[in-house]
Amino acid sequence: MTTSPTTSAGPSPLPTCALPDSPLAKAAAGLDACVHCGFCLPACPTYVNLQDENDSPRGRLLLMRRLLDGELDVRDPDVGTHMDRCLGCRACETACPSGVPYGQLLEATRATTRVARPVPLVARVVLGVFQREMLLSLVLVGARVLRATRLPDWLARVLPARLAFPFAMLASTTPARLPQASAHDRVLHRVRVRASQARRTVVRLDGCVMRGLFAHTNAATTRVLSATAHTVRSAPGQGCCGALHAHAGDLDAARDMARRNIAAFERVPDALIAVNSAGCGAMLKEYGHLLHDDPAWHARAEAVASRVRDVSELLADRLLPAAREASPAAPTARDSAHGAASSPPVRIAYDPPCHLMHAQRITREPQAVLSAIPGVELVPLVDADQCCGSAGIYNLVEPDTSDAVLAPKLRHVADARVEWLVSGNPGCLMQLGAGLMRSGSSTRAVHPIDLLDHALQAAPAERVGEPDLA
Amino acid sequence: MITAGLADALRSIVGPRWVKQRPAELTAYDSDALPGYRATPSFVVLPASRDEVIAVVRLLAQHGVPFVPRGAGTGLSGGALANDAVIIGLNRLTRIHAIDAGNRIAHVEPGVVNAVLQREVAPFGLQYAPDPSSQSACTIGGNVAENAGGPHCLKYGVTLNHVAAVTVCLPNGELVQFGDPASERDGYDLCGLFIGSEGCFGIATDVWVRLLPVAPAVRTLLADFPSLTDAARAVSAIIATGIVPAALEMMDQATIRAVEASIYAAGYPTDVAAVLLAEVDGLEAGLDADARTIERCCREAGARDVRIARTDGDRARLWQGRKKAFGALGRIAPHLVVQDAVVPRTRLPDVLETIAAIGARHGVAVCNVFHAGDGNIHPNISYDASDHAQAERVHAAMSEIMQACIDAGGTITGEHGVGLDKLGYMDALFTEPSLAAMCAVREVFDPDRRANPGKVVPVHACREWGGRR
Ligand SMILES: Cc1cc2nc3c(=O)[nH]c(=O)nc-3n(C[C@H](O)[C@H](O)[C@H](O)COP(=O)(O)OP(=O)(O)OC[C@H]3O[C@@H](n4cnc5c(N)ncnc54)[C@H](O)[C@@H]3O)c2cc1C
Ligand code: SF4
Ligand code: SF4
């Protein structure tokens, strides 16, 4: 009654493909790499928090396999449930010894099942808006106006949880008020920039949410890059990167958006593309894969993708670690003579965005950037490599799981007792910011570039080494 | 019997969300880490506490329904596969009840992941010695059921040596405790009997594990060899000096290359036939001398180079590479057979040569990655099962390899257990009276043969024995 047709134990026969020509069939070689070892289970936030192997990477890969073999139907609601619950955080990829390209397989699966199982209404609306430049701009302007009224701050507190969260997310994007350093600290603690580096030309990805709600971070990015021997140029005509659409399985929309961005960035041919949003950076770097089957665009996509850098990658070799005071509690004789003691370092923790750590595999560079910021102490965060539950629009379509994944994160942040929680991705900043706000925490979420920019604003950088070459 | 009412009754015990019944929901549970095998369970039940486990087992006993315990499903012998039986998943029982640093004992639930336990006891300067390569994912319950070992069991022993007591929910739902967390008890060592019982004697619901102080000093060496035989000779030479290394692990070229292509690349040289990873630990005094002795043994056996890990990071990387090696083999070809045999250490060089010859004769590529120090070898073959001729050659080669191990005085499982996969070898390895004795022991715990049925001891052996009663 409950058993499927193949109950006999023993080496199973190899069935033929039930979904020929589907995106999943094209990606099937990636499935073969899975040896079922289970090493990805403890890395997966949905498995760890939901405790069901159906919500584990290995379980989802098995579902994909059965879809291909025709044992399960693309309309099967259980398949849909467990695929939908996947955050797409790709922590399973950095745990997998066999190199299973999980992210690509997930997108291919969603693109395959999408035909039979439409995405939920909320997702359709959001994706539709992000696809239309004019409409998106309008919505973002509206959001900014709403944010300026401070109404969202109030609604985030008074509304029931589910309704309050989006308002808390919006409220949390308000530019952070960073601490004012004393005159004494400003002199002692200056950002140290390597003077010997050759000047590089870069063009900034403006993004959609970044441009709309994190304009301050975009501006800070330009200032920070300029201060570290970068010439920042603009690339008009660029728009949303298409990541949300690709993750939801709407590959055609994502491809349209990719082509548009590729054309825009081709107009600034020799510049590296600086990205301050981890999710967009991961998408841009995968444009080659996205347009693999488009002969007219594939090579162009690869060329643009190869120029993409996370902003931390651009900064890591330009910055020197900040001087750390040996003991802030024991001011030197000179300090006391001047009547100024340096303030204790500000405690910060770093929560790496999944699309930086797991998708782009960048871990060292953000640490280098943070260690260059004077006057802060980087406190270790338990399970920092686990997703915060933001995952694009996931927190809007899968609020229950998103909450379940966010809860342990908030506990670990509370245990770290930090003033600032640093993360380089707008989705994570909003998810963490809203979660912190709703839990009454005094910790605030901030982009690392905002912190670095703040230090540079307080006092001009100290140039170390030979003068600029250019 | 499985009735519609049974599912409802199970739901009322654990809550509707924790009973899986529909085909798609059973998919994740239809296999474990043993490649190529699958079996669909009737239900999957995921209890959250010992009380729920007991209630579920009692209910199944009333209905005469067989069950299979499951931890993290990293087993490599198909032990957690359920054919028309109910899977009871223990992965939600993840509490660490107590860590008693003074008495060096921890009381944990069976679903606690091995690496999590290691992480939690580390601040006390303690460790749980058994460190299976799968430790980042596998559970203590699964370790107990399989008597898991690991690279460091060469010096420290296997799970059996580190468990003080277990509480077991017997297949009839009765709760018993074997062993004593506080002291050695007289009488039969039933705790020892339970460890390695592969889920056939009941479900471990509580485990008291012994902890050891972390060794104050350690040296990790990596030696590379122009041939597998030379590496095997080095192993015998090291052991013959009387040094007891904490670990002595070997990987051949195909394995090294797979690891180096993976995210766990450890910096092993890819142009050598084999590497030997050796570790000595203990008090600082004398360690350098031991390390030098090991280096000399390696060089005399023909090692091209021997290097010592300089930093903790270096050492961790060398071990990560080794521990993730099996998983990395997935890169070579779509399908994989994994084996687990033990041969007398002195026979290692000729067994390895025989294995290579068998592989060559059948035209299949055998990769070796194994616990060399105790002769526990894992010959693995990567292949493409859609090529039927190749698949047949692979299986023929594997049978010959296993026979060669048995002929060399070895046995068919070192640490992965018999489960389903090795059932066929039991007749070759044990006499009829031995198998009958195993059945008799099993019946003491599980007279109805409902706990992990069809595993470990061939059914016919039990039937014959039962018939003679
Ligand atoms: C890459 C890789 C490397 C490995 N390396 C090693 C190694 O170095 N050493 C080693 O020994 N093994 C190794 N293994 C095998 C495997 O990880 C171990 O056998 C492990 O102990 C299984 O634990 P699990 O929680 O995954 O159990 P499962 O696979 O879920 O179950 C294994 C068996 O235990 C039973 N069981 C599970 N929980 C309980 C319980 N609470 N009570 C009673 N029975 C239970 C099941 O019924 C089944 O028979 C490796 C596996 C992989 C995939
Ligand atoms: S870690 Fe990789 S190979 Fe292992 S089960 Fe997960 S996806 Fe498969
Ligand atoms: S992408 Fe993240 S949530 Fe999805 S299976 Fe992988 S680890 Fe789990």
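Just so we're on the same page: letters track the sequence lines, and every chain starts at 1.
Judged purely by distance below 3.5 Å, without hydrogens or angles, the side chains of B:His416 and B:Ser77 never pair a donor atom with an acceptor atom. With no hydrogens or angles considered, no side-chain donor-acceptor pair links B:Thr27 and B:Arg22 at under 3.5 Å. For the residue pair B:Asn91/A:Tyr47, the side-chain donor-acceptor check at 3.5 Å is satisfied. Between the side chains of B:Lys324 and A:Ser98, no donor-acceptor pair is found at a separation under 3.5 Å. In the model, B:Asp131 has no side-chain atom that pairs as donor or acceptor with a side-chain atom of B:Asn114 under 3.5 Å. Residues A:Lys285 and A:Gln360 bring a donor and an acceptor atom of their side chains to less than 3.5 Å of each other.
With chain A as the partner, the residue from B:Ser262, B:Ala24, B:Pro35, B:Ala325 showing the most heavy-atom pairs under 4.5 Å is B:Ala24. Among A:Gly59, A:Pro42, A:Ala29, the residue making the largest number of heavy-atom pairs under 4.5 Å with chain B is A:Pro42. Interface summary for chain B: among A:Val100, A:Thr94, A:Leu61, the most heavy-atom pairs under 4.5 angstrom belong to A:Thr94.
For A:Arg364, the CZ atom sits in a loose shell: 12 or fewer heavy atoms of surrounding residues, nucleotides or ligands are nearer than 6.0 Å.
A:Ala43 does not touch chain B: none of its heavy atoms, backbone or side chain, sits under 4.5 Å away. Contacts between A:Thr81 and chain B at a heavy-atom distance below 4.5 Å are absent for every atom of the residue. Looking at A:Asp52, the atoms closer than 4.5 Å to chain B (heavy atoms on both sides) sit in the backbone and in the side chain alike. Contacts of B:Asp30 with chain A are made by side-chain atoms alone, with heavy-atom separations under 4.5 Å and no backbone atom involved. Contacts of A:Leu67 with chain B are absent, with no heavy-atom separation under 4.5 Å from either backbone or side chain. Of the two parts of A:Leu72, only the side chain, counted from C-beta on, holds a non-hydrogen atom closer than 4.5 Å to a non-hydrogen atom of chain B. Interface residue A:Arg361: only side-chain heavy atoms are found under 4.5 Å from chain B. When heavy atoms are compared at a cutoff of 4.5 Å, B:Ser382 does not approach chain A at all.
Residues A:Arg90 and A:Glu286 are paired through a salt bridge, judged by an N-O separation under 4.0 Å between the basic side chain and the carboxylate. Taking the charged nitrogens against the carboxylate oxygens, B:Arg95 and B:Glu109 do have a contact shorter than 4.0 Å, which makes a salt bridge. Of the charged side-chain nitrogens involved, at least one lies within less than 4.0 Å of a carboxylate oxygen, so that A:Asp400 and A:Arg162 count as a salt-bridged pair.
For residues 105-112 of chain A, a heavy-atom distance under 4.5 Å to chain B picks out no residue at all. Contacts from residues 31-40 of chain A to chain B, taken as heavy-atom pairs separated by less than 4.5 Å, involve A:Asp32, A:Ala33, A:Val35, A:His36, A:Cys37, A:Gly38, A:Phe39 in sequence order.
By the salt bridge (charged side-chain N to carboxylate O under 4.0 Å, His left out) test, B:Arg17 is found to be paired with no residue, residues two or more places apart in sequence or in another chain being considered. B:Trp18 is linked by a ring pair (Phe, Tyr, Trp, His ring centres under 6.0 Å) to nothing, counting only residues two or more places apart in sequence or in another chain.
Closest of all the heavy-atom pairs between B:Ala48 and B:Leu93 is C-CD1, 3.7 Å.
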- Task: Could you give me the CA-CA distance, side-chain angles and deciding distance for A:Asp383 and A:Arg411, then say whether salt bridge (Lys or Arg N to Asp or Glu O under 4.0 Å) is met?
- Result: CA-CA 11 Å; A:Asp383 286 345; A:Arg411 269 203 309 279; over 6 Å; no
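In this structure, the separation between OG on B:Ser31 and CZ on A:Arg65 is 11.5 Å, given to the nearest 0.5 Å.
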